[in-house]
Every structure is written in C-alpha cells, then in structure tokens.
Amino acid sequence: MHPSLRPFLSLCLLCCLASSSCLSGAAPPKALVAPIVYDTSTSLYAVSPLGGPPFDRALLLNLDSSNLWKDCMDPLISLSTLQAVLYGSAICNSASVQTSLITGDPGYVSGCTGLPTPICSNNSCSVFVSGSSSSSPNGVLWTGTISLLSTDGAHSGPLVSVPMFAFACSDDILLNAQGALPSNAVGAAGLSRAALALPTQLARKLSIQRRFAYCLPRSSIPGNGILFFGRSPYVFPPAGDISNHLRYTPLVFNPQEADSYFVGVKYVSVNKVQLPINSTLLQLTNNPSIIINGEPAVVGGTSISSTIRYTQLESSIYDALAREFTAAATGMGLSPVGAEGVFETCFDASAAQTSGSGYAVPEITLTFQGGQGASWTFTSSNSVAVVGDGKHICLAFQRLDKFQIRSIVLGTYQQQDALLVFDIANSMLGFVPDLAGLGSHCSNFPFSTSH
Ligand SMILES: *[C@@H]1O[C@H](CO)[C@@H](O)[C@H](O)[C@H]1NC(C)=O
Ligand SMILES: *[C@@H]1O[C@H](CO)[C@@H](O)[C@H](O)[C@H]1NC(C)=O
C-alpha cells in the first residue's frame, strides 16, 4: 500500500465504524427508498415493509406520526429480537411529540404483571402513537433492525440495515379502528419532524441529509409510488432527473405543532383570477378564545397531509373557490348539477371537453409565500373527480364546515403524481406539481426486482 493512502483509509474506517451503515466494504448510502402503495379501500397510502420480522408488514405513510409504530401483539413479537429503551435514556428523552393530534413527553412504564410483553415492560419508555384518526394510545419504545433499499436516485440498490432503530410497539387498537390504516398495514411510518420519526432518525444513524421526498402514485394507474430519504437525484423515466423542475417555498414553523408541516399560501386563483379570501385565514395567527396547553391556539394557515384524501378548505375559502370555479366552468359550457356523494360542487360530464389525460376544467392555482412566489397549478386529474359512473365531474375539494383550526389542509388527491421534497434541514418544501406534464408518473421509478 502506498503510505500516503493510510490516513485516508484509517479515517474512512473510523467513519465506517462510527456509522451504523458499516456494510462490508460498501460506501455508505446517501439515500434510501421504499415503495408506496395506494389502498383503494381506505384511500390511504402504505409504505412497503422495512425489512424482515418484525418489520415485514406494510405501514401507513403518515406525515403526522412522530415515530415508527406497529402492532407487536398479533402476532406476538419475540422480545429476543428487540432491545428495551429504558425511561430516562437518551432515546427516551428525545421522544417528545407535538402534532395536532398529540402533544406530550414520554412516560414511564410500570406495574406490568407477569412476564414483560412488547407493550408492557417495567422501567421502559412509553410514547404516543397515532394513526390517521385522533386516537392516540400509548406504545412502548424498543429498538430493532429495520432495512431500506439504497438508491442512487435512478434505481434501487442493495438493502441497508439500520440497527438500533427506535420504534414503538402498540397493541392492535388502531388496527381495529375502521379506516385508520390501509388494509394489510400494521402500524405507521412516521415522517414528522420529531427526533424519532424516520427522516431524523435515519439522518442521524446513516449520516444522510435530513430530508425526505415522496411521490404518491395516481390511484387510477397501477404501480408503486416512492418514498426517498436523504439527498439524491429524482429520476423518473422517461423524464430523467426532475430535480431541476423543483420549485421551493419555505416550510412554516408552528410552535404548537412543531412536528407537522405547514406552508404559506399567499393566494388561490382560478384561471388566474385571484379569489377574494380573508388573508388572515391564510396565516398562522393566535386565537385567544381557544386555549391549547395554556396558550392561545395557533389557527389558520395551510398544512400538508398524507392521510386526508381531498383538500379541505375553511368554509369561506371553499365558497370563494366554488363560486369562481363554477363561473369559469359554466363559461366553458359545463352545467352545474349540485352535490354528488362527498362533493358539493359538480357538473354534468357529457358536455365536458377532454384535454391531455383528463377533462378540460378551470385551472386552480396555489401561489406560495417566499421570494420566488412558487405556484402549484393542479392538473384536472388533481382538481376534479369523476363520479356517478362517469356522469359527473366534481370539484375535488371539501368544506371544513364546523370550526377547524386549519384553513387549508392539502390532501393526497391533489398530491397524486406530484413530487414533494420535505427538506427539514433547510426548512423548505420543494415540489414538482405534475410528473405527467413531464411525460412521467410517480409509478415510473424503476424499483429493481432482484432485492
Ligand atoms: C413490574 O413492576 C410491578 C410493580 O410495579 C411488579 O409487581 C412486577 O412484578 C414487575 N414485573 C416484572 C416482570 O418485574
Ligand atoms: C378575517 O378573519 C379574521 C379571523 O377569522 C377575522 O377576525 C377578521 O374580522 C376577518 N376580516 C374580514 C375583513 O372579514
């Protein structure tokens, strides 16, 4: 060996030993991927299994969940494959959570009778887990080994093991709550900003960037979408790397829901006509008449959801959108037919023109805050839904009729075939609104079948 190589090699050996991604000789990965599957029965998205037992079942893709949690009781997981996380340990101390559903610090597990089980083990650390509903039972923290596929951004590569990954075991309460999890899923892959959610825990353990991205597959097209962790190109054949199509807006920090993802919408428009919306609703503001944890509630603003299907709008925003959309649609020859199923604003489809892959309908655009004023125009496949055996075209947005704390919750129907990059480290959201416009789809990422 040439002597000058020695310092480099020993340095590299050190970093390999220091990082848990120390594969036999392989360079540590910069990015990881997992397939995303749409579940027709719940309209939720599942992340494919993250390794062998006990991680061999699908998990709900959940931006609001603060950890990876799963049912450990049915089937019962053997504790010999797990390591306990004790109350007071560094991992336990990092397990606080703060979302709209749950806020709280970890707890101390005691009073377990009989032999320890995955959900009761004296001196362990208990945390909140949540599905898409507001139920938030406790789970108990353990560490185990998960694995994800490495990627160069263009293909999936070998599996990377991540030992000592902290996750929560719960019993099957959430599984019994109808519609809370995709069919076949046994827990959730938490993608929030919390320390134990996947993006931050993977970033720390593998020394990859603290960012993730997802591309939700269109429910009408067979094939998997994709979840990326770390920094890589985003290659979707035949479009190639679509990174240079990303537009950015700052992620907005909400101190009351520090783990969740908010963006600042500056205005909403239909065919470039700006809707008359009370701008206070588009900002996060303190409402002293609602108290949360002793503080005035932070209300308004726009959050991003991975579990709510159709974008929800505060009532006056919905009205403004429906009014302008109806006026523009009528001008295009569409006749309003009133409400249909879960939608309030529908049109007779028989007179509709088609355009590209969908119907020609008025264009709805969100324009975001931030220097560049990035905007997101929904394609017709993301702004309207075809219902009633193809007879009706409905505005695929929903009214928040009772008082809700948020003004806009961006739903997954509007995110289909879009790439969203959650750059936590730089507090930015990057997005490509429409892969189809680039000649591709989220389902075009070539997962190798050999792994
Ligand atoms: C757990 O603690 C309780 C008292 O809080 C005790 O009765 C029980 O025996 C303990 N269980 C184990 C397995 O040590
Ligand atoms: C805008 O909304 C805020 C918050 O709901 C309200 O206090 C204010 O009066 C509204 N302004 C107008 C002009 O309607």
Side-chain angles (χ1 to χ4, degrees), residues 32-72 74-75 77 99 101 129-133 135 139 144 146-149 151 156 159 162 165 167-170 172-192 197-199 201-202 212-229 261 304-310 410-420 422 441-445 447-449 451:
L32 306 169
V33 284
I36 294 176
V37 182
Y38 178 71
D39 177 47
T40 321
S41 63
T42 56
S43 301
L44 294 168
Y45 290 88
V47 180
S48 72
L50 301 179
F55 300 104
D56 54 349
R57 297 282 300 279
L59 301 167
L60 170 71
L61 176 84
N62 196 354
L63 287 176
D64 285 318
S65 191
S66 311
N67 42 51
L68 189 171
W69 69 264
K70 69 179 301 292
D71 172 25
C72 297
D74 183 20
I77 293 179
T99 69
L101 299 176
V129 300
S130 68
S132 60
S133 68
S135 45
I146 63 167
S147 17
L148 288 106
L149 297 165
T151 189
S156 57
L159 276 172
V162 189
F165 189 89
F167 73 101
C169 274
S170 136
D172 53 3
I173 296 171
L174 284 166
L175 305 183
N176 297 330
Q178 206 58 42
L181 294 176
S183 38
N184 300 322
V186 294
L191 298 172
S192 85
L198 282 148
Q201 218 184 145
L202 288 174
F212 68 98
Y214 65 58
C215 200
L216 301 181
R218 197 170 282 296
S219 52
S220 56
I221 298 175
N224 298 329
I226 180 165
L227 173 62
F228 293 90
F229 294 100
Y261 299 103
I304 306 170
S305 175
S306 62
T307 52
I308 284 168
R309 187 59 175 158
Y310 301 104
L410 187 65
T412 59
Y413 190 80
Q414 276 67 37
Q415 300 172 43
Q416 295 186 105
D417 258 349
L419 175 71
L420 272 73
F422 296 82
H441 290 292
C442 292
S443 52
N444 282 17
F445 184 89
F447 279 100
S448 160
T449 47
H451 301 295

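Nothing here was measured: the structure is a model prediction, and the numbers come from that model. The basis for the numbers below is simple: all heavy atoms, side chains too, and nothing from hydrogens, waters or symmetry mates.
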*Give the intermediate values and the outcome of side chain to side chain contact (heavy atoms under 4.5 Å, CB included) for residues N67 and V129.*
CA-CA 7 Å; N67 42 51; V129 300; 4.0 Å; yes

Verdict with supporting geometry, L202 and L148, side chain to side chain contact (heavy atoms under 4.5 Å, CB included):
CA-CA 10 Å; L202 288 174; L148 288 106; 4.1 Å; yes

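With Q415 contributing its side chain and L420 its backbone, the two residues share no donor-acceptor pair below 3.5 Å. A donor-acceptor distance shorter than 3.5 angstrom exists from the side chain of D417 to the backbone of C442, with no hydrogens or angles considered. For K70 (side chain) and F167 (main-chain N/O), no donor-acceptor pair under 3.5 Å exists by modelled atom type. Side-chain atoms of N62 do not come within 3.5 Å of backbone N or O of A188 as any donor-acceptor pair. A donor-acceptor contact shorter than 3.5 Å links the side chain of R57 to the backbone of N184. A donor-acceptor contact shorter than 3.5 Å is absent between the side chain of T412 and the backbone of S306. Of the possible polar contacts, none joining the Y45 side chain to the P182 backbone as a donor-acceptor pair under 3.5 Å is found.
D71 contributes atom CG, which lies 11.0 Å from atom CG of L59 (distance to the nearest 0.5 angstrom). Residue L191 holds its CG atom at 5.5 Å from CG of L227, rounded to the nearest 0.5 Å. One finds the CZ atom of R218 at 7.0 Å from the OH atom of Y413 (value rounded to the nearest 0.5 Å). Atom CG of L216 is separated from atom CG of L61 by 6.5 Å, given to the nearest 0.5 angstrom. Between atom CD1 of residue I308 and atom CG of residue L44 there is a gap of 10.5 Å, rounded to the nearest 0.5 Å.
When all heavy atoms of T42 and G179 are compared, the closest pair comes out as CG2-CA, 4.0 Å. The heavy-atom pair separating C215 from I36 by the smallest distance is O-CD1, 4.3 Å. For L68 against L198, the heavy-atom pair with the smallest separation is CD1-CD2, 4.3 Å. Considering every non-hydrogen atom in both A58 and A46, the closest pair reads CB-CB, 4.1 Å. Shown here for L60 and A180, the closest heavy-atom pair between the two residues is CD2-O, 3.9 Å. The heavy-atom pair separating V33 from S156 by the smallest distance is CG2-CB, 4.1 Å.
Aromatic ring centroids of F447 and F445 lie under 6.0 Å apart. A ring-centre distance under 6.0 Å is found for Y214 and F422.
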Donor-acceptor pairs under 3.5 Å, side chain of residues 219-226 to any protein atom, not counting sequence neighbours: which ones?
from, atom 1, to, atom 2, distance (Å)
S219, OG, R309, NH2, 3.4
S219, OG, Q416, OE1, 3.3

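Side-chain atoms of S43 and Y38 include a donor-acceptor pair closer than 3.5 Å. Defined by atom type and a distance below 3.5 Å, a donor-acceptor pair is missing between the side-chain atoms of D64 and T99.
Proximity of P49 to F55: side-chain heavy atoms (C-beta onward) are nowhere separated by under 4.5 Å. Side-chain contact between L63 and I304 is present, with at least one heavy-atom pair separated by less than 4.5 Å. For the pair F229 and P199, the minimum side-chain heavy-atom distance is below 4.5 Å.
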